[in-house]
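Notes for the one structure printed next.
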There are 2 protein chains.
Amino acid sequence: MNYKWIARTALFRGCTEQDIESICRCLDFGTRSYRRGDVIALSGDTVSDIGLVLSGSVRIENNDIWGNKSILGIVESGGVFAEAYACIPNEPLMVDVIANQDCEILFVNVPKLFQPCDNSCSCHNKLIQNLVIVSARKNLHLTQRIFHTSSKTIRGRLLSYFSQQAAIQGSSKIKIPFDRQQLADYLNVDRSALSKELGKMKKEGLLNYHKNVFELNIHNQ
Amino acid sequence: MNYKWIARTALFRGCTEQDIESICRCLDFGTRSYRRGDVIALSGDTVSDIGLVLSGSVRIENNDIWGNKSILGIVESGGVFAEAYACIPNEPLMVDVIANQDCEILFVNVPKLFQPCDNSCSCHNKLIQNLVIVSARKNLHLTQRIFHTSSKTIRGRLLSYFSQQAAIQGSSKIKIPFDRQQLADYLNVDRSALSKELGKMKKEGLLNYHKNVFELNIHNQ
DNA sequence: ACAATTATGTGGTTAAAACCACAAAATAGA
DNA sequence: TCTATTTTGTGGTTTTAACCACATAATTGT
């Protein structure tokens, strides 16, 4: 395991490689690999582990009783998932976690983390403090996702999402982690209607795109 | 200040009254009162305090550049707000916090909380651990709110919200903290369209209501 | 108790997106 | 390379909710 890389993730930041190695052994954290499309966890499951994405990416989604799919977000490598459920004992998942690409996950057991361990690994408290920040950031992501779906028009939702991505990626040329169907499921709109609106916006000169790379034309208000 | 009551909030649970009294003095936590409608914090502000609602309630909302209002949630007494922003230094608020009723707020300074204090108040670590759980719960609330707005129809959104409330309140007769306009802003729909849909559902025998009290008729499928 | 203000319901119109079907393009697998 | 599969775009139709205007009901403040 690449402890040096793990030490740079938001969850383990501030821990030394030695700390991480010892805490992983001490608290018996394990890794597991998944193939693209594999189910990592299902709605209704109860979990007590945080998933740290070591490589690849996972997708958080929900299928309601009418079969409508809603994508809540993508967790890229270095990010975590299920931390909210892992921190609340016996809280059943409201979402499915799917391997968005082939990926490897490190599972961090929260109950063990919350108990002081025998060897009193030095970065225990640091880890908990990091967990607060990681959870806070996840909060902000969910809030953003709420904003992206609060416009009543498809165009408004696209502009909300694209302009945030442009800000994050520091460029008006952005690459998104979704195909059309997934983007539609993220913005909670119909795929074909989304395709039409994108075509209209391209015709109006608002943006250009090829596959999942979009270039925004800032000027054409 | 009623330390006994504070000791029962999710944030201070597990701390003794003495602990709370000493930590409030030691870390210089302060309270402030607001009148219904007062602005407690505005989008763009940076905060470093968690707001703990001692009495009354606050409303978390957002006004986008086109003037559309979106309500993210209500925080009742005992609950906290702005904790995500307070935990991430210099992160500007994306939302407004408004006094939903006359209310009193205790402000808990997070940077001070994260530094070990001179007197090493005993419940420091407990408080941080509670903060993890409180933040996790807030995550789940935001996820719920996402589900309530993911249906494409107004009826679907209402049923999603009402059935969750029925589960929480343990009854098919539920009281909601919103007037019609606020419910519309919470579900991201037009108020008059919401009113019509409610009328239609009442006519179909799905539910009954008076003001902000709704009674769901479970049977009529 | 009254006036002023705010909240709610309702009709009518319009705009928008959902929905369906299908063709074309791109991709993956053998 | 060829075929099968998946993804994307597009036309046409229908449903739905946004939007506007206004009447009525409820609430607030004096």
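Heavy-atom basis, side chains included; hydrogens, waters and symmetry copies ignored. Keep in mind the model is a prediction, meaning the values are calculated, not measured. Letters go in sequence order (proteins before strands), and every chain restarts at 1.
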task: Return the value, rounded to whole Å, for the distance between atom NZ of A/K202 and atom C1' of D/dT8.
output: 11 Å
query: Using a cut-off of 4.0 Å on non-hydrogen atoms, how would the nucleic acid contact of A/T153 be classed: base, sugar-phosphate, or nothing?
result: sugar-phosphate
message: What is the distance, to the nearest angstrom, from the OH atom on B/Y209 to the P atom on D/dA25?
response: 15 Å
message: Between the side chains of B/E83 and B/K138, is the shortest nitrogen-to-carboxylate-oxygen separation below 4.0 Å, so that they form an ion pair?
response: yes
message: From CD1 of A/I154 over to C1' of D/dT10, roughly how many Å is that when rounded to an integer?
response: 14 Å
statement: The nucleotide from D/dT8, C/dA18, D/dA18 with an atom nearest the side chain of B/K152 is C/dA18
Salt bridge flag under 4.0 Å for residues B/R155 and B/E197: yes
- request: Please state whether the rings of B/Y34 and B/F107 are parallel, tilted or perpendicular, taking 30° and 60° as the class boundaries.
  value: perpendicular
field: Selected nucleotide, minimal atom distance to A/S192 side chain, candidates C/dT10, D/dT10, D/dA18
entry: D/dT10
statement: Side-chain atoms of B/E197 come closest, of C/dT8, D/dA17, D/dC20, to D/dA17
task: With the side chain of A/R180 defined as its heavy atoms from C-beta on, choose the nearest nucleotide among C/dA7, D/dA17, D/dT8.
output: D/dT8
message: Distance criterion of 3.5 Å, no angle test: do you see the side chain of B/K203 paired donor-to-acceptor with the base of C/dG9?
response: no
- request: Taking the six-membered ring for Trp and the single ring otherwise, decide whether the centroids of B/Y161 and B/Y186 are under 6.0 Å apart.
  value: yes
- request: For B/F178, answer base if it contacts any base atom (sugar-phosphate contacts may also be present), sugar-phosphate if it contacts only those atoms, and nothing otherwise; contact means non-hydrogen atoms under 4.0 Å.
  value: nothing
message: Just the rounded figure in Å: distance from P of D/dT15 to NZ of B/K200.
response: 12 Å
First of B/R191 and B/R36 reached from the 5' end of DNA chain D, by closest nucleotide: B/R191
message: Less than 4.0 angstrom from a charged side-chain N to a carboxylate O is my criterion; do A/R36 and A/D102 meet it?
response: no
- prompt: Rounded to whole angstrom units, what separation is found between the CZ atom of B/R155 and the C1' atom of C/dA18?
  reply: 17 Å
- prompt: Out of D/dA17, C/dA7, C/dC19, which nucleotide sits closest to the side chain of B/A193?
  reply: D/dA17
query: B/D179 near the nucleic acid: base, sugar-phosphate alone, or nothing, with a heavy-atom cut-off under 4.0 Å?
result: sugar-phosphate
- request: Calculate the interatomic distance between B/L194 atom CG and C/dA7 atom C1'; express it in whole Å.
  value: 13 Å
task: Report the residue (A/K211 or A/K196) whose heavy-atom-nearest nucleotide on DNA chain C is the more 5′ of the two.
output: A/K196
